[in-house]
Amino acid sequence: MSSSTNLMINLLVLLALASLLSPAPALCYIHAGEASSVVRTPNGTPPPPADAYRTYIVLVDPPPHGAATDDDGHRRWHESFLPGGRRMDDGADQARIIRSYTEVFEGFAARLTAAELAGVVSKKPGFVRAFPGRRTLRLMTTHTPEFLGLTRGAGFWRDVAGYGKGVVVGLLDTGVHAAHPSFDDRGVPPPPARWRGSCAVAATRRCNNKLVGVKSFVDGGGGGDDDVGHGTHTASTAAGNFVAGGASDRGLGAGTAAGIAPGAHVAMYKVCNGSGCDDDAVLAGFDEAMKDGVDVLSVSLGRWSSPPFDEDPIAIAAFSAVARGITVVCAAGNGGPEPSTVSNDAPWLLTVAAGSVDRSFSTTVLLGNGELVAGQALAQQPNSSTSYYPLLFSEKQPKCNELAGIVGDGVAGHLVVCQSDPVEDESVVSAMMATGAGGVVLINTESEGYTTVLEDYGPGMVQVTVAGGHNITEYARSSSSSAGGCKPNATVVFDNTLLSVHPAPTVASFSSRGPSKVAPGVLKPDVLAPGLNILAAWPPAAIKSAILTTSDAVDGAGNPILDEHHERATAFLTGAGHINPARAADPGLVYDIAVADYAGYICALLGDAGLGTIVRNESLSCGKLDKNKIPEAQLNYPTITVPLPRSSSSAAPPPFTVNRTVTNVGPARSTYTVKLEIPRSLTMRVSPEKLVFSGVGEKKGFSVTVSGGGGGGGEVVEGSLSWVSGKHVVRSPIVAVPQPYLKLGS
């Protein structure tokens with residue numbers, strides 16, 4: 001592969017680290033020709049009155065040929081859809097059009113009433129669709145590079161990936177604290193000549209060769225300052241420069257801090273603030289990033305669930321970016337551990353699940369009986385003394401807020417042990433410490449299992465797993481009831497940062513899981529990447545394929561990757577596996593997907609209306625693609641999902657066949673042999689069993705026929721298919737799902 005592709009792959013790996021998000025409700029929408037119908041709203045809330053102004057995102061056809069040669073021309077075309085004048089008639093004298101879009105799609109965001117939309121705008125020739133604009137999207141490292149096999153100095157990170165030099169990373173987020181040392185441009189050359197971006201006037205003095213673009217689409221524009229911290233975190237994690245001299249957070253994670261692509265350029269598009277993210281601002285960020293020429297786009301945003309792709313402005317915008325060759329990286333969401341909670345699940349997105357790294361901010365709870373209970377603490381204190389405190393725990397009121405409400409000032413001088421309640425923990429813990437508690441031991445919820453999402457509630461708080469909490473409470477019970485009435489006590493010892501903690505990686509409890517409700521025939525999430533407790537101040541489809549087919553199916557010790565309860569994680573949690581950046585730069589074979597392939601898939605899934613909304617290409621129509629409609633199972637995805645047919649008779653159910661095509665990006669003369677790892681309940685045949693290539697870029701097709709699997713029991717069965725040469729292993733997970741769950745065509 002070319003060196004530029006190597007850089008891009010490494011950059012995508014780093015963006016996988018940065019792409020954590022929090023979910024939010026789905027958008028409601030209006031179809032063309034249906035503007036007078038009832039508008040769906042989240043949670044069943046009624047729509048606003050017909051005469052109330054609100055923001056709508058309106059998609060329209062491109063202007064007539066020659067009618068718009070610049071941004072002003074496009075804006076005039078957009079204004080032609082408005083009822084009456086360009087300003088609202090509500091006395092506020094505000095412009096109707098908030099934003100015009102030309103890159104993500106042809107359209108605009110405007111202040112309209114529902115009556116105006118239904119009676120005027122939707123009836124204009126060229127109107128396509130309108131979405132009510134909502135604040136539906138919300139925001140969802142010093143050791144991480146080493147955990148991924150990236151170390152400073154000679155080797156892959158420097159010599160092959162070049163630290164990401166020459167690549168522009170765009171981020172849609174909360175802005176950036178430009179003065180942070182991660183954005184110093186020491187050792188970073190100027191951006192490539194193709195870069196067309198700039199910095200907002202207020203941010204110009206802080207931009208340099210590292211931070212090459214800062215623009216704001218919220219709070220009246222401005223300089224793009226980060227008042228939340230989320231954007232600075234994601235940007236520094238993705239592409240922060242080397243920060244030497246004991247970089248740490250209060251002594252934790254000490255070392256030379258760097259993003260995964262410290263030589264890359266950063267462009268920040270501020271589309272969110274502390275209150276959340278408006279759809280119209282996010283789309284404006286997409287639009288501007290495409291104009292500026294970013295190479296990769298990190299969208300650290302999400303919603304509670306994914307609407308159909310043609311009803312989701314973000315999925316539509318991302319498709320436009322991918323069609324331009326921009327890889328869009330998103331997180332799977334924070335809806336775990338419930339199944340089918342994955343968001344950002346369109347096949348053209350790289351969807352990343354959150355995993356742990358092999359690091360612990362270790363703290364030990366030393367019980368009065370000598371037993372040690374492992375915990376973690378973000379705010380660690382010097383171990384100047386080992387004072388033991390009597391334990392305070394209630395079986396009847398185990399939650400922290402319940403205990404505090406009963407005991408009150410009685411927490412003074414005690415080490416309080418209580419169960420976590422994320423909604424109220426911070427205020428309750430702070431009040432306990434202010435009252436004089438010797439410390440607070442916060443026990444994870446049952447659903448979190450072994451996952452500890454570190455919270456910064458100040459010094460004196462320790463977080464322990466459910467298992468650790470059980471050991472502490474059992475000691476408290478047994479000591480209290482023992483003869484002699486010995487009062488249970490404990491002390492806390494802070495251990496700083498421990499590395500090489502096992503098992504790692506594991507899937508974080510909050511990481512959203514598949515299968516997708518919108519497209520269950522495409523395995524989502526795509527891949528697992530570090531996203532837990534991170535400290536931080538070619539074509540897209542081929543790049544995604546390289547990441548997926550070279551990922552690790554096992555953890556650092558060679559064992560199966562585990563979930564938050566330390567049980568074996570399924571592919572609906574991990575996707576293809578845990579990213580391996582060094583191998584991803586040289587995948588051997590890739591599964592490519594062209595725009596026309598996605599169009600055929602969208603036609604099969606959503607029909608002409610979906611194709612017209614998402615693809616917006618006049619040369620493509622479902623009529624023209626009739627023979628090339630692509631059911632989910634047949635999309636040339638690097639992972640394979642097939643149904644397990646059920647049979648109502650004693651006869652064996654019919655087999656199911658999927659087809660795939662791989663492209664050689666390794667040595668010109670290469671021979672690959674198939675290797676199958678499947679359970680005994682599955683029967684699988686691959687044809688042909690050997691692929692012989694004579695040139696780079698050569699394509700070869702193959703088919704996979706699956707039968708059996710015990711589908712009558714309703715269980716999901718997993719296996720894998722690998723193409724193996726003398727140098728490469730190109731692995732694809734295979735997930736066989738009971739047929740009623742999937743409706744896939746062969």
Side-chain angles (χ1 to χ4, degrees), residues 15 17-27 42 55 57 98-99 101 104 109 131-140 169-178 180 183 197 199-200 202-203 211 213-239 266-290 292 294 296-306 312-318 321 328-335 343-344 349 352 354 510 512 531 534 536-537:
L15 285 175
L17 309 181
S19 299
L20 290 182
L21 58 130
S22 296
L27 293 168
T55 299
I57 297 163
I98 304 169
R99 312 183 194 278
Y101 309 113
V104 291
F131 300 88
R134 297 185 182 279
R135 178 158 288 175
T136 60
L137 296 163
R138 290 191 294 168
L139 299 165
M140 297 302 190
V169 184
L171 300 102
L172 306 186
D173 220 294
T174 62
V176 63
H177 179 52
H180 193 282
F183 307 113
C199 286
L211 191 61
V214 179
K215 295 176 181 176
S216 177
F217 302 93
V218 298
D219 303 329
D225 289 331
D226 186 5
D227 299 323
V228 179
H230 190 272
T232 302
H233 172 95
T234 55
S236 60
T237 301
V266 173
M268 174 60 70
Y269 302 88
K270 183 175 181 178
V271 298
C272 307
N273 55 26
S275 300
C277 321
D278 290 334
D279 293 314
D280 65 278
V282 174
L283 289 171
F286 262 107
D287 211 65
E288 197 70 17
M290 293 173 66
D292 290 346
V294 301
V296 185
L297 199 52
S298 170
V299 187
S300 298
L301 317 169
R303 54 188 88 246
W304 289 116
S305 61
S306 291
D312 182 357
I314 307 307
I316 299 169
V328 182
V329 185
C330 300
N334 287 357
S343 62
N344 297 317
L349 299 173
V352 183
F510 57 80
S512 291
I534 300 295

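In this text, all values refer to a predicted model and were calculated from it rather than measured experimentally.
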Rounded distance [0.5 Å steps], CG in Asp312 versus OG in Ser343: 9.5 Å
Reported CG-to-CG distance for the pair Asp173 and Asn273, which is rounded to 0.5 angstrom: 11.5 Å
Which atom of [X] lies closest to which atom of [Y], heavy atoms considered:
X	Y	value
Leu211	Cys199	O-SG, 4.2 Å
Thr55	Ala109	CG2-CB, 4.3 Å
Ser512	Gly335	OG-N, 2.6 Å
Ala289	Leu297	CB-CD1, 3.9 Å
Leu172	Gly285	CD2-C, 3.7 Å
Ala317	Leu283	CB-CD2, 3.7 Å

Any residue meeting ring-ring contact (aromatic ring centres under 6.0 Å, His included) with Phe217, in chain and number order, not counting sequence neighbours: none
Do [X] and [Y] make a side-chain contact, defined as non-hydrogen atoms from C-beta onward lying under 4.5 Å apart?
X	Y	answer
Val176	Val266	no
Val271	Phe286	no
Asp227	Lys270	yes
Val328	Val299	yes

Carboxylate-amine/guanidinium contact Lys215 Asp292, below 4.0 Å: yes
Flag, side chain of Tyr269 to backbone of Ala284, donor-acceptor distance under 3.5 Å: no
Side-chain donor/acceptor of Ser298 to backbone N/O of Leu171, under 3.5 Å: no
Intermediate values then yes/no, side chain to side chain contact (heavy atoms under 4.5 Å, CB included), Phe131 and Ile316: CA-CA 12 Å; Phe131 300 88; Ile316 299 169; 4.0 Å; yes
Sole residue of Asp278, Asp280, Asp279 in salt bridge (charged side-chain N to carboxylate O under 4.0 Å, His left out) with Arg99: Asp280
Non-neighbouring partners of Asp226 that pass salt bridge (charged side-chain N to carboxylate O under 4.0 Å, His left out), sequence neighbours left out: none
